[in-house]
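Order of the sequence lines fixes the chain letters, A, B, ..., with proteins taken first and strands second; residue numbering starts at 1 for each chain.
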Amino acid sequence: MKAIISSAKLHCEEFYARSTLKVAKDLLGCYLNRRLPSGLVLNAEITEVEAYTANDPACHAFNGKTKRTQVLFGPPGRAYVYFIYGMYNCLNVVTEPDGIPGAVLIRGLNGIADSGAKLNGPGKICKYWQIDRELNGVSLLALDSPLWITKRADGTSPKILKSERIGISQAQDRLWRFYT
DNA sequence: GGGCCGATTGTT
DNA sequence: ACAATCGGCCCG
């Protein structure tokens, strides 16, 4: 058995089975980890997120469950990856208890592979980290997952700023974009 | 089957 | 400002 993670710990399902707004803010400062098909593992600190909830006109799940959005209604702690603008994929983490839709969009990373480089924008993150719809629905909780999230090692929490969400045409008054 | 739109991004 | 580029969803 090989150890993928030494010091950092995975969140458990209970972490994701909470209010989407709380999960969004708590994910800031955590680390997104990605095992590429080549075997190479990338990791970087989450620095920007957005929350999308059941009673939110900007959420894909707002108009009910469809083939595309069904993972939003499923168990928490899974990846929701959708294809947008004919070119880009966006990565979300599913929140709320099973049966209630909700997700946190990952919009920004910092310190990619210890290089210190920043990666801004959900489309670019998925492009550079080879995240596409094949990962839609995968659990982030299993150690053999190609995608998982770990807590920050020092146990501290970053200072959180908020603003309107980017690129939406509805519910623009909700300050549900959080960043560090 | 047709048409419109989108949780984006890079270029004009 | 706008083009790139295509799946989902609604309508008929």
Do you see a donor-acceptor pair shorter than 3.5 Å between the side chains of Ser19(A) and Glu96(A)? no

Note: contacts of residues 102-112 of chain A with DNA chain B (heavy atom, under 4.0 Å) are Leu105(A), Arg107(A)

Under a 4.0 Å heavy-atom cutoff, the residues of residues 44-56 of chain A touching DNA chain B are Tyr52(A)

Residues [X], [Y]: salt bridge by 4.0 Å N-O rule:
X	Y	answer
Glu48(A)	Arg177(A)	yes
Asp144(A)	Arg35(A)	no
Arg174(A)	Glu164(A)	no

Measure from [atom1] on [X] to [atom2] on [N] and round the result to the nearest Å.
X	N	atom1	atom2	result
Asn92(A)	dT8(B)	CG	C1'	14 Å
Ile166(A)	dT8(B)	CD1	P	8 Å
Phe178(A)	dA7(B)	CZ	P	18 Å
Arg165(A)	dT8(B)	CZ	P	11 Å
Gln172(A)	dA7(B)	CD	P	11 Å
Arg177(A)	dA7(B)	CZ	C1'	12 Å

Sub-3.5 Å donor-acceptor pair from the side chain of [X] to the main-chain atoms of [Y], do we have one?
X	Y	value
Asn33(A)	Trp148(A)	yes
Asn120(A)	Lys118(A)	no
Glu13(A)	Leu141(A)	no

Base-paired stretches in DNA chain B with three or more consecutive Watson-Crick or G-U pairs, both distances under 3.5 Å, amount to B:1-6 with C:6-11, B:8-11 with C:1-4

Problem - More than 12 heavy atoms from other groups under 6.0 Å of CD on Glu134(A) - result: no

Show every donor-acceptor pair shorter than 3.5 Å between a side-chain atom in residues 68-78 of chain A and any protein atom, with sequence neighbours excluded, or say none if there are none.
| from | atom 1 | to | atom 2 | distance (Å) |
| --- | --- | --- | --- | --- |
| Thr69(A) | OG1 | Gly64(A) | O | 3.4 |
| Thr69(A) | OG1 | Thr66(A) | N | 3.0 |
| Thr69(A) | OG1 | Thr66(A) | OG1 | 3.2 |

* Apply side-chain contact (heavy atoms from CB on, under 4.5 Å) to the pair Leu119(A) and Asn110(A), showing each step before the final yes or no. => CA-CA 6 Å; Leu119(A) 196 44; Asn110(A) 194 16; over 6 Å; no

Could you walk me through whether Ile131(A) and Val81(A) pass side-chain contact (heavy atoms from CB on, under 4.5 Å), step by step? CA-CA 8 Å; Ile131(A) 296 166; Val81(A) 183; 4.0 Å; yes

Can Tyr128(A) and Leu42(A) be said to form a side-chain contact (heavy atoms from CB on, under 4.5 Å), step by step?
CA-CA 10 Å; Tyr128(A) 296 137; Leu42(A) 307 175; over 6 Å; no

Letter by letter from the 5' end, nucleotides 3-11 of chain C scores (B base, S sugar-phosphate only, - none; protein heavy atoms under 4.0 Å) -BBBSSS--

Quick note, salt bridge (Lys or Arg N to Asp or Glu O under 4.0 Å) partners involving residues 152-161 of chain A, not counting sequence neighbours, are Glu45(A)-Arg152(A), Arg152(A)-Asp154(A)

